[in-house]
Amino acid sequence: MAKTNSANRDIASTIHPYTNLKVHESEGPLVITEGDGVFVRDEDGKMYLEGLAGLWNASLGFSERRLAEAAYRQMLKLPFYHTFAHKSIDIGIELAEKLLSIAPAPMSKVFFVNSGSEANDTVVKLVWYYNNAAGRPRKKKIISRTKAYHGVTVASASLTGLPNNHRDFDLPIANILHVECPHFYRFGLPGETEEAFASRMADLLEKRILSEDPETVAAMIAEPIMGAGGVLLPPATYFEKIQAVLKKYEILFIADEVICGFGRTGEMWGSTTYGLEPDMITSAKGLSSGYLPIGAVMVSDAIYQSLVKQSEKIGMFSHGFTYSGHPVTSAVALETLKIYEQDDILAHVRRMAPRMQAGLRRFADHPLVGEVRGIGLIGAVELVADKPTRASFAPSEAVGPFLIKRAHHHGVILRALGDSIAFCPPLIIKEAEIDLMFERFALALDDTFAMVRERGLVESGLVPALSK
Ligand SMILES: Cc1ncc(COP(=O)(O)O)c(C=O)c1O
């Protein structure tokens, strides 16, 4: 296909995140120019249903005027001020109070950042600061999990448990450990129940802590649902058992709510859905429905008191971003939280969830589909080369990316995480739009099935299932 003028200008000017830059030079970008509800429009006028809410974040869709107006009003009133050196901003105070009032566990204070990565980088520093304040200079290791996603800055990328985030970036940094990924479908043993699997995960965690020396292990970080690792839901009883181990060795627990926060699972927080009792919480994305970059770190009182103690000793808490608590991003976030409340977005998610989950599960019998999983308005369909053995396709076959291209062709934007296809539409999505998302996905899935059979990538003799 001939590339548009703006596609050529993009190739000449821009480095794209999470993109094969070589392929991009020949294929160019999909240039999006407008948004309307759960749809976005490209420069040729083609409309796509945004099945991932952009990057799991545009919860209120792409045309919420109240957010634009909140930004405009704040721009006119006070476009910038900062929160360094005892300064504050009225709207930021209001936002902090609001966040503390809806937190899933008792939280004492909020520290504002600009992204999920900055939030997680901040908690790494706070964990170290906390243990230095407590006179435990050896207690510094932070446990994350294989397939976790916590961002891309140096410490956050180290927490992330995906090989490509480390490879040739000289990461992870010291003091970051990765334990087993709790994906029951992939890593459960034959005959093992989900509960027994969760117990095994907790046992392995405890063994790792003991082998490292508990006096050196400071914290564990976890997403309630592992997002970019493939939309992996925790197995039954997992967090209960994991948290019992952490408590035994005085290890802090950090919930990364960057995807789950603000309604995604049908509760305000993934922590509420899965019974997490964190000492710190990181959030971003849905906090502003993605309209402006903002994140928040919430900390327990014990953590906060350690910051007070250290800053008294050192003379100052020397951490902060120019845009920590920016008035315009704060105004948009506050308006977002108001809309969630006034429109009862949680009730809406709970009403839509059965349609969404039934829509996903309709694909469970398809010969290309190994596992279907999800909760609330998030889910995934994992493609496999061989259903009985659960064998995956070789990554070099790029089956997931092929499906995504076909999905674009059929008018739905989704995301391939390896061969798991992720669904995470705007929370405002309606039933007919959920149906449309799956109708379009079904076409892309059938195109993909035809392709893999043509290329001999699946067992011959499989009966094609039409994904009506
Ligand atoms: C769970 C989680 N944590 C952290 C991040 C990083 O957020 P950001 O891209 O805003 O730095 C993401 C981004 O997808 C995420 O999904």
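Just so you know, ligand 1 is whichever comes first in the structure, and atom 1 is the first atom listed for that ligand. Bear in mind the structure is a predicted one, so any value in this text is a computation, not a measurement.
Counting heavy atoms of neighbouring residues, nucleotides and ligands inside a 6.0 Å radius, atom CZ of F317 exceeds 12 of them.
Ring geometry for F441 against F363 counts as perpendicular: the plane angle is over 60°, on a 0 to 90° scale with 30° as the lower cut. Note: H326 and Y323 have tilted aromatic rings, judged against thresholds of 30 and 60 degrees for the angle between ring planes.
Ligand 1 has N120 within reach: a non-hydrogen atom of the residue lies less than 4.0 Å from it.
Atom 3 (N) of ligand 1 has as its closest protein heavy atom D256 OD2, 2.7 Å. Annotation: atom 10 (O) of ligand 1 to nearest protein heavy atom, G116 N, 2.9 Å. In terms of protein heavy-atom proximity, atom 14 (O) of ligand 1 is nearest to K285 NZ, 2.9 Å. The closest protein non-hydrogen atom to atom 2 (C) of ligand 1 is Y149 O, 3.3 Å.
Distances below 4.0 Å separate heavy atoms of S115 from the following atoms of ligand 1: 10 (O), 11 (O). The ligand atoms of ligand 1 that sit less than 4.0 angstrom from a heavy atom of I259 are 16 (O).
Considering all non-hydrogen atoms of both residues, F112 and I294 come closest at CD2-CD1, 4.2 Å.
If you check the side chains of Q342 and R66, you find a donor sitting under 3.5 Å from an acceptor. A donor-acceptor contact closer than 3.5 angstrom is absent between the side chains of S117 and S156.
Nearest to atom 4 (C) of ligand 1 by heavy atom, out of M226, E118, H150, E223, is H150.
By the 4.5 Å heavy-atom criterion applied to side chains, E335 and R73 are counted as neighbours. By the 4.5 Å heavy-atom criterion applied to side chains, F111 and F321 are counted as neighbours.
When non-hydrogen atoms are compared, ligand 1 lies under 4.0 Å from the backbone of S117 as well as from its side chain.
Looking at W56 next to ligand 1, no N or O pair under 3.5 Å apart turns up. At a 3.5 angstrom cut-off on N or O pairs, V258 does not count as close to ligand 1.
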